[in-house]
Amino acid sequence: MKTNYWIDGILGVVTGDVLGVPVEFSSREDRDADPVEDMRSYGTFNLPAGSWSDDSSMTLAALDSLGSGKLNLDDVMHRFEQWLFHGEYTPWGRTFDVGGSCMSSIENYANGKDVHSCGTSGEYDNGNGSLMRIMPFVLFLYREQRKHGMTDEEAMKHIHEASSLTHAHPRSCIGCGLYYCMAREILDAKAGQSTEALQELVQKGLDTGFDYYGKHPAYKAELSQYDRLWDLEEFAAVDSHAVRGSGYVVDSLEAAVWSLIHTISYEECELTAVNFGEDTDTVAAIAGGLAGLFYTAKRIPTEWLDVIARKDWIIGLCERAS
């Protein structure tokens, strides 16, 4: 299979999503008693193995839009509408497992609000629904920075706009921005054939992100929400049972990072992420995107990739975007 960073990142997200779908909403106690060790079928949504959820559907909708070579937020939202209302970008032609903020934002857009006002922005609108689908924007903006000279300020502005399509609160925007900074460090290291460990790269990315947000008053007040990620040596010492796999954006990012820095392969990272329980598919998708970039799609277990619904179509979208 041909690989490039678009395939690495997107298949990393989708595979994690697929791994977590059958056990979504299970408790940590459920996962401790019956840990996920491989792909499963049916379960929570009674769907066959290889089924992905809203995480991948929205990711693929954004990927399809960005495959044009342009960042057009209206086009992205039109594709989100096609997913929500018509079952496009789904494995089996029907939409399921839609987050409340995503649904409200897309309905807002469909009812006439523009791309800069349709997203939800309240204190309780800080789910992981923008972070789970941010990877295509990350890859597009990375290319724009490294090949076309886009500035850091411009790239972060676009990341925040991408988040704000559905999740406009600064806390959610910060989560997406930190993710972009981590991904950028990994991609630069891979391009330069660096031998730095994954934890070092993640820390460098977080340092860059925290430095950026510390200089921007609109976001600075929210940085304390991410305090546990300032020092990954300290965070690595946190017991796994003090990390939650919930749908709250901060919890999800913490669980993804904890999974990344405690494991040495894509497979191990994803099994760790899923076995936190709760929002299993999304935490695994978030962790999986960065793990895919670092380990590459060639290191995702073949038996996992083989069950993914519409895998060849997904790879085709990646190749078009690249």
Side-chain angles (χ1 to χ4, degrees), residues 1-14 59-60 62-73 75-76 130-165 173-216 219 253 256-257 260 266 286-300 314-322:
M1 178 179 65
K2 178 186 175 183
T3 187
N4 58 41
Y5 63 71
W6 289 83
I7 295 174
D8 296 336
I10 298 300
L11 281 185
V13 169
V14 175
T59 295
L60 296 170
L63 174 64
D64 197 15
S65 179
L66 292 167
S68 68
K70 297 179 181 179
L71 177 55
N72 182 329
L73 297 180
D75 187 66
V76 172
S130 62
L131 185 58
M132 73 186 190
R133 57 160 178 82
I134 204 67
M135 180 57 77
F137 300 97
V138 165
L139 301 177
F140 179 87
L141 293 169
Y142 176 78
R143 181 174 63 196
E144 291 301 299
Q145 282 213 271
R146 295 300 179 254
K147 291 189 176 181
H148 304 297
M150 180 182 285
T151 67
D152 288 353
E153 195 67 40
E154 290 172 319
M156 294 296 268
K157 173 179 176 288
H158 288 309
I159 283 288
H160 298 154
E161 288 175 341
S163 174
S164 295
L165 292 173
C173 292
I174 289 173
C176 291
L178 293 176
Y179 194 83
Y180 176 66
C181 292
M182 289 186 281
R184 189 170 60 188
E185 286 295 337
I186 293 170
L187 287 164
D188 278 346
K190 301 298 284 187
Q193 298 184 322
S194 167
T195 58
E196 288 180 278
L198 180 54
Q199 181 167 324
E200 295 176 67
L201 298 173
V202 171
Q203 183 70 73
K204 286 171 67 175
L206 289 169
D207 289 347
T208 298
F210 284 127
D211 181 65
Y212 172 86
Y213 288 116
K215 297 174 181 176
H216 289 72
Y219 299 99
L253 189 60
V257 170
L260 288 162
Y266 179 90
I286 293 165
L290 296 179
L293 293 180
F294 184 76
Y295 295 110
T296 79
K298 291 181 179 179
R299 298 292 180 266
I300 299 175
I314 294 170
I315 292 173
L317 290 180
C318 295
E319 290 176 335
R320 174 173 172 258
S322 64

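Below, each value reflects all heavy atoms present in this structure, side chains not excepted, and no hydrogens, waters or symmetry copies. All figures in this text were calculated on a predicted structure; none of them were measured in a lab.
From Gln145, atom CD reaches atom OH of Tyr142 across 9.5 Å, with rounding to the nearest 0.5 Å. Interatomic distance, CD1 of Ile7 versus CD of Glu319, reported as 4.5 Å (0.5 Å rounding). Expressed to the nearest 0.5 Å, how far OH of Tyr212 lies from SG of Cys181 amounts to 9.0 Å. Taken from CG in Leu139 to CG in Leu66, the straight-line distance is 9.0 Å, to the nearest 0.5 Å. We find the CD1-CG distance between Ile134 and Leu165 to be 8.5 Å, quoted to the nearest 0.5 Å.
The shortest side-chain heavy-atom distance between Glu196 and Lys204 falls under the 4.5 Å cut-off. With a 4.5 Å cut-off on side-chain heavy atoms, Thr151 and Met156 do not count as touching. For the pair Leu60 and Leu63, the minimum side-chain heavy-atom distance is below 4.5 Å. Side-chain contact between Lys298 and Leu11 is absent, with no heavy atoms from C-beta onward closer than 4.5 Å. At a threshold of 4.5 Å between non-hydrogen side-chain atoms, the residues Ile159 and Cys173 do not count as touching. For the pair Leu201 and Met182, the minimum side-chain heavy-atom distance is 4.5 Å or more.
In summary, Arg299 and Asp8 do not engage in a salt bridge, as defined by a charged side-chain N under 4.0 Å from a carboxylate O.
When the side chain to side chain donor-acceptor pair (under 3.5 Å) test is applied to Lys190, no partner is found at least two apart in sequence or on another chain. Take Asp75 and apply the salt bridge (charged side-chain N to carboxylate O under 4.0 Å, His left out) test, not counting sequence neighbours, and it matches Arg79.
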- Task: Apply the test salt bridge (charged side-chain N to carboxylate O under 4.0 Å, His left out) to residues Lys215 and Asp211: give CA-CA distance (whole Å), side-chain angles for both, the deciding distance (0.1 Å), then the verdict.
- Result: CA-CA 7 Å; Lys215 297 174 181 176; Asp211 181 65; 3.2 Å; yes

- Message: Before you tell me yes or no, could you show the steps for Glu161 and Lys157 under salt bridge (charged side-chain N to carboxylate O under 4.0 Å, His left out), namely the whole-Å CA-CA distance, both residues' side-chain angles and the distance that decides it to 0.1 Å?
- Response: CA-CA 6 Å; Glu161 288 175 341; Lys157 173 179 176 288; 2.8 Å; yes

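Residue pairs meeting the ring pair (Phe, Tyr, Trp, His ring centres under 6.0 Å) criterion with at least one partner in residues 182-210, sequence neighbours excluded, are Phe210-Trp230.
In summary, the side chains of His158 and Glu153 do not present any donor paired with an acceptor at a separation below 3.5 Å, with no hydrogens or angles considered. Inspection of the Glu185 and Tyr180 side chains reveals no N or O donor paired with an N or O acceptor under 3.5 Å.
Taking the six-membered ring for Trp and the full ring otherwise, the centers of Tyr266 and Tyr295 sit at least 6.0 Å from each other.
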